[in-house]
Amino acid sequence: MENKLCKNIKVLASMADNHGKLSIPAVFSLCMDLATEHGAMIKLGFDDLAEKGLFWLTTKTKLKFSIMPGMLTDLLAESWPEKPGRIRCNRFYRLTCGGELVAEGKTEWAIISRETGKLIPLSEVYPEELVHHPEVICEEPFARIRDDFAGCEELERYKVRSTDIDLGQHMNNVAYVRVLFGAIPSREWEEKRITEVEVTFKSQSFEGEELTICRREIEDGFEIGILHADGKPAVVAIIRCK
């Protein structure tokens, strides 16, 4: 059983930003795709879990960025899971271009029961025969991001669309990332070099729901909250810049 996925990819036009460079939301999409593909290879794919009434979800993602290559650049994409804990596991990602680091990071994920919505011990579904790749990256813990965005700058309001909904019938994780990046004008992004993005997924959002996107400044960037109507967060994020 292959414990690490390695594949060559090309930066296509659909993955590029307004300067023709690999976009940060596209990297989040790529990580999701790598996890989906490798999950199926190690018998933890969507179909494998669906047969058992289960569904896997990402709870946190941290990505660090070094360079952003242009369209039609060839990349090496790698992903592998860490040895799991009782109910949570980290998966790692690395993108390189000609041996130079583009981005690296990790996600924390878990498996839930479709019937009860409760987390399932990973020992019940994880393949015992998998010998884990030993490398660990982004060893520091995920950040703690305050949930309370009362009084913070409101960037915009966003109505969840049918195209935001995934197989779980709620808003897809990458759709949140696109919303939070889209809430800030391109001229602001052009003034910053983003070095790290960390996103914590707190609660589900559904088609037709209106979300409010808020921001507060921190020393090396800012924090963003994507909030339900009651002020509770669907997603909180940190974006660090230079």
Side-chain angles (χ1 to χ4, degrees), residues 11-32 58-71 93 95 102-105 107 138 142-161 163-166 170-205 207-242:
V11 179
L12 302 177
S14 60
M15 304 164 67
D17 63 14
N18 61 322
H19 294 287
K21 301 289 188 180
L22 177 66
S23 76
I24 288 176
V27 177
F28 275 84
S29 291
L30 178 58
C31 290
M32 180 176 66
T58 298
T59 55
K60 300 176 182 178
T61 298
K62 178 197 291 282
L63 292 175
K64 298 180 179 181
F65 300 92
S66 296
I67 60 170
M68 303 307 279
M71 280 193 295
Y93 308 90
L95 299 178
V102 173
E104 64 180 2
T107 59
C138 291
F142 289 99
R144 294 180 179 272
I145 308 172
R146 288 188 294 127
D147 288 353
D148 184 7
F149 282 81
C152 294
E153 175 190 8
E154 181 178 318
L155 296 173
E156 70 171 33
R157 298 192 178 187
Y158 181 85
K159 188 174 183 179
V160 181
R161 296 163 170 79
T163 50
D164 296 322
I165 304 303
D166 64 14
H170 50 73
M171 191 168 178
N172 182 272
N173 286 358
V174 174
Y176 288 112
V177 175
R178 294 191 180 279
V179 167
L180 70 87
F181 272 87
I184 297 175
S186 58
R187 65 179 181 274
E188 274 200 56
W189 293 127
E190 291 167 0
E191 296 170 355
K192 300 174 171 65
R193 185 175 78 81
I194 296 173
T195 59
E196 184 177 318
V197 179
E198 184 167 340
V199 183
T200 300
F201 304 96
K202 305 287 286 187
S203 60
Q204 299 173 350
S205 303
E207 184 179 352
E209 183 177 354
E210 185 177 74
L211 303 172
T212 301
I213 299 90
C214 294
R215 170 171 66 174
R216 62 170 163 250
E217 301 290 329
I218 58 175
E219 183 178 356
D220 57 351
F222 46 88
E223 297 177 342
I224 289 182
I226 301 180
L227 312 176
H228 299 292
D230 62 2
K232 294 181 180 178
V235 163
V236 292
I238 293 178
I239 299 177
R240 303 191 191 278
C241 312
K242 285 188 176 179

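Numbers here simply count residues along the sequence, with the first being 1.
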Tell me every residue that passes salt bridge (charged side-chain N to carboxylate O under 4.0 Å, His left out) with Asp148, counting only those two or more places apart in sequence or in another chain.
none
When the side chains of residues 19-29 are checked against the rest of the protein, which donor-acceptor pairs come out under 3.5 Å, sequence neighbours left out?
from	atom 1	to	atom 2	distance (Å)
His19	NE2	Glu190	OE2	3.0
Ser23	OG	Met15	O	3.4
Ser23	OG	Ala26	N	3.1
Ser29	OG	Pro25	O	3.4

Sequence neighbours left out, what passes side chain to side chain donor-acceptor pair (under 3.5 Å) with Ser186? Give chain and number order.
none
Would Glu198 and Lys60 count as a salt bridge (charged side-chain N to carboxylate O under 4.0 Å, His left out) here? Give the steps.
CA-CA 7 Å; Glu198 184 167 340; Lys60 300 176 182 178; over 6 Å; no
Nearest-0.5 Å distance that lies between atom OG1 in Thr61 and atom CZ in Phe142:
6.5 Å
Between Gly105 and Leu63, which heavy-atom pair has the shortest distance, and what is it?
CA-CD2, 3.8 Å
Residue set satisfying side chain to side chain contact (heavy atoms under 4.5 Å, CB included) with Glu210, at least two apart, ordered chain then number -> Arg157
side-chain contact (heavy atoms from CB on, under 4.5 Å) for Phe181 and Val197? Distances and angles first, verdict last.
CA-CA 11 Å; Phe181 272 87; Val197 179; 3.9 Å; yes
Trace of the side-chain contact (heavy atoms from CB on, under 4.5 Å) decision for Lys202 with Asp147:
CA-CA 9 Å; Lys202 305 287 286 187; Asp147 288 353; 3.4 Å; yes
For Val235 and Phe201, run side-chain contact (heavy atoms from CB on, under 4.5 Å): C-alpha distance rounded to whole Å, both residues' side-chain angles, the deciding distance at 0.1 Å, then the answer.
CA-CA 5 Å; Val235 163; Phe201 304 96; 3.6 Å; yes
Separation of Glu207 CD from Lys159 NZ (nearest 0.5 Å):
9.0 Å
Those residues that, when tested against Thr107, pass side chain to side chain donor-acceptor pair (under 3.5 Å) (two or more places apart):
Tyr93
Contacts of Glu191 meeting salt bridge (charged side-chain N to carboxylate O under 4.0 Å, His left out) (sequence neighbours excluded), chain-then-number -> none
Specify the closest pair of heavy atoms between Gly70 and Val11, including all atoms of both residues, with the distance to one decimal.
O-CB, 3.5 Å
Going by side chain to side chain donor-acceptor pair (under 3.5 Å), name the residues that satisfy it together with Glu217, two or more places apart in sequence or in a different chain.
none
I'd like to know whether Ile239 forms a side-chain contact (heavy atoms from CB on, under 4.5 Å) with Leu180, so could you lay out the CA-CA distance, the side-chain angles of the two residues, the decisive distance to 0.1 Å, and finally the verdict.
CA-CA 10 Å; Ile239 299 177; Leu180 70 87; 3.7 Å; yes
With sequence neighbours left out, the residues meeting side chain to side chain contact (heavy atoms under 4.5 Å, CB included) with Leu30 are Ile9, Leu34, Leu95
From CZ (Arg178) to OG1 (Thr163), nearest 0.5 Å:
11.0 Å
To the nearest 0.5 angstrom, please state how far the CD1 atom of Ile184 sits from the CZ atom of Phe222.
3.5 Å
Closest non-hydrogen contact found for Glu156 with Gly182 is OE1-O, 4.4 Å
Thr195: side chain to side chain contact (heavy atoms under 4.5 Å, CB included) partners, not counting sequence neighbours:
Arg193, Arg240, Lys242
If every non-hydrogen atom of Val160 is compared with every non-hydrogen atom of Leu211, which pair is closest and at what distance?
CG2-CD1, 3.7 Å
Nearest heavy-atom contact between Ala13 and Met71 is CA-SD, 3.5 Å
For His228 and Ser205 the tightest heavy-atom approach is CE1-OG, 3.3 Å
Arg215 side chain to Ile213 main-chain N or O, any donor-acceptor pair under 3.5 Å?
no
For residues 223-236, pull every pair meeting salt bridge (charged side-chain N to carboxylate O under 4.0 Å, His left out), keeping only residues two or more places apart or in separate chains.
Arg216-Glu223
Can you tell me how far apart CZ (Arg144) and OG1 (Thr200) are? Round to the nearest 0.5 Å.
10.5 Å
Lys64: partners by side chain to side chain donor-acceptor pair (under 3.5 Å), with sequence neighbours left out
Glu140
With sequence neighbours excluded, residues passing side chain to side chain contact (heavy atoms under 4.5 Å, CB included) with Leu227:
Phe149, Cys214, Pro233
